[in-house]
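Shown next, in structure tokens, is the structure this report addresses.
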Amino acid sequence: MNRRDFTKIAGLSALTVGLKTMPGVAAAPAPQFSITMDDFNWHNPVKLTAAERNQAILETLRAHSMKAALFVIGHNVEENEGKQLLAPWNQAGHMIGNHTYSHRNFNAPETNVKVYEDDILRAEALLKDFPRFRKYFRFPMLNEGDTAAKRDAMRAFLSQQGYRVGHVTVDNSDWLIDLRLGARLQKDPAADVKPYRDYYLQHMWERADYYDRLARRVLGYQVKHTLLVHFNLLNALFLGEVIDMLKAKGWQPIDAEEAFSDPVFAAKPRVVPAGQSIVWAVAKEKGAIAKSLRYPAEDGEIEKARLDKLGL
Ligand SMILES: [Zn+2]
């Protein structure tokens, strides 16, 4: 926060009051963040079994007293094993949301609206009996439509079905770092995981800080963040350290359902292609800021080059 913001927030003039000596003046509100986890892909165990990965992530959330939102791909809970892995999330009070049955890309020209709607309902049929299921929908790859017609048709469908969009505010490439980590461990099970941890922490702070600054600039208030992470080995090993890091930076953990009460999640930016972080999409809708935005925002291209350079 610079000096000018400080005086604005405090409602005081720096000319009349010495900034350093002002007692009890409220600083800018601390960013709040929640954990929203996607996919529930447990069929790809590396280093830890699916049950161990599940337990590690649940234990991290328990230790931090955070209730997350888990956006489940329906086909991952079709088998009994998947249902059994999901049950403790429900018991621990985490929110369960819909992430389609088969994780199609809605922006692909061949994905039509009807097929996609059926995919959402097919996932709902598998998830709805979990008491912690809530009608929040997260678009796979955060792709909400490659045309205005598809975008608007899907918004109408979700609304008719009683769904709200479980938007992400802090997008990132945790999935790519996990892919690299998994590949390394497949080759060399004894490989040192610390460089991946260091990279991940730095990446997450960079992305969290970026989207937080963008949100404050675009929205003019301190949004309640929904951090995107995936159900993978990387987070089984290091999600706790991501949370610790954000706390150390002054960010406050909150539950995902509380985060979703923020008005930004009701925004319907009229951009095409639709999707990405909701903060990004709202920024995109505002022409002046849009010029500085990259698209796709987080498809991993930038991180791939950086990881290659480090030999990760
Ligand atoms: Zn996904």
Side-chain angles (χ1 to χ4, degrees), residues 34-46 50 53-54 57 68-78 82 85-86 89 94-108 110-111 115-124 126-127 130 133-146 150-151 154 158 163-182 200 203-204 207 211 225-236 239 242 256 259-260 265 273-281 295-301 303:
S34 64
I35 299 297
T36 67
M37 183 169 274
D38 282 12
D39 296 355
F40 206 49
N41 277 338
W42 53 269
H43 293 93
N44 55 349
V46 185
R53 185 194 298 178
N54 206 36
I57 293 171
L70 183 66
F71 289 94
V72 178
I73 296 172
H75 97 85
N76 283 333
V77 289
E78 214 160 29
L85 289 166
L86 184 56
W89 287 79
H94 300 293
M95 188 185 99
I96 295 168
N98 188 330
H99 196 42
T100 74
Y101 174 81
S102 56
H103 211 262
R104 288 171 198 277
N105 176 4
F106 191 48
N107 282 15
E110 67 272 17
T111 306
V115 164
Y116 200 79
E117 289 173 355
D118 290 346
D119 213 40
I120 293 170
L121 296 176
R122 195 172 171 192
E124 182 181 311
L126 289 157
L127 296 169
F130 287 92
F133 172 70
R134 296 288 179 273
K135 284 196 159 182
Y136 279 88
F137 177 69
R138 176 161 291 168
F139 285 87
M141 286 78 83
L142 309 184
N143 282 341
E144 301 180 32
D146 55 325
K150 278 169 76 172
R151 176 197 71 198
M154 195 50 56
L158 289 170
Y163 273 94
R164 292 199 269 172
V165 178
H167 288 290
V168 166
T169 65
V170 179
D171 195 4
N172 61 81
S173 298
D174 77 319
W175 56 272
L176 176 66
I177 303 166
D178 179 71
L179 270 182
R180 296 294 184 96
L181 171 66
Y200 183 37
H203 172 67
M204 288 303 258
R207 296 292 82 202
Y211 284 103
H225 284 292
T226 49
L227 193 72
L228 170 64
V229 290
H230 289 83
F231 182 85
N232 56 29
L233 176 65
L234 187 73
N235 286 308
L239 179 61
V242 171
F260 282 127
F265 298 107
Q276 308 288 302
S277 151
I278 187 63
V279 173
W280 189 97
Y295 181 85
E298 312 288 342
D299 73 344
E301 282 309 316
E303 304 311 321

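As the structure lists them, so they are numbered: ligands from 1, and atoms in each ligand from 1.
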| said: Could you check whether any side-chain heavy atom of V77 comes within less than 4.5 Å of a side-chain heavy atom of F40, counting everything from C-beta outward? | reply: yes
Point to revise | Test item: side-chain donor near acceptor, N143 and R104, under 3.5 Å | key: no
Checking distances from the Zn ion (ligand 1), one finds that the N, O or S atom of H99 closest to it is NE2
Check whether any N, O or S atom of H230, backbone or side chain, sits closer than 2.8 Å to the Zn ion (ligand 1). no
Side chain to side chain, Q276 and E144, heavy atoms closer than 4.5 Å = no
Tested for side-chain hydrogen bond (donor to acceptor under 3.5 Å, both in side chains) against R53, the lone hit among N44, N232, N235 is N44
The N/O/S atom of D39 lying closest to the Zn ion (ligand 1) is OD1
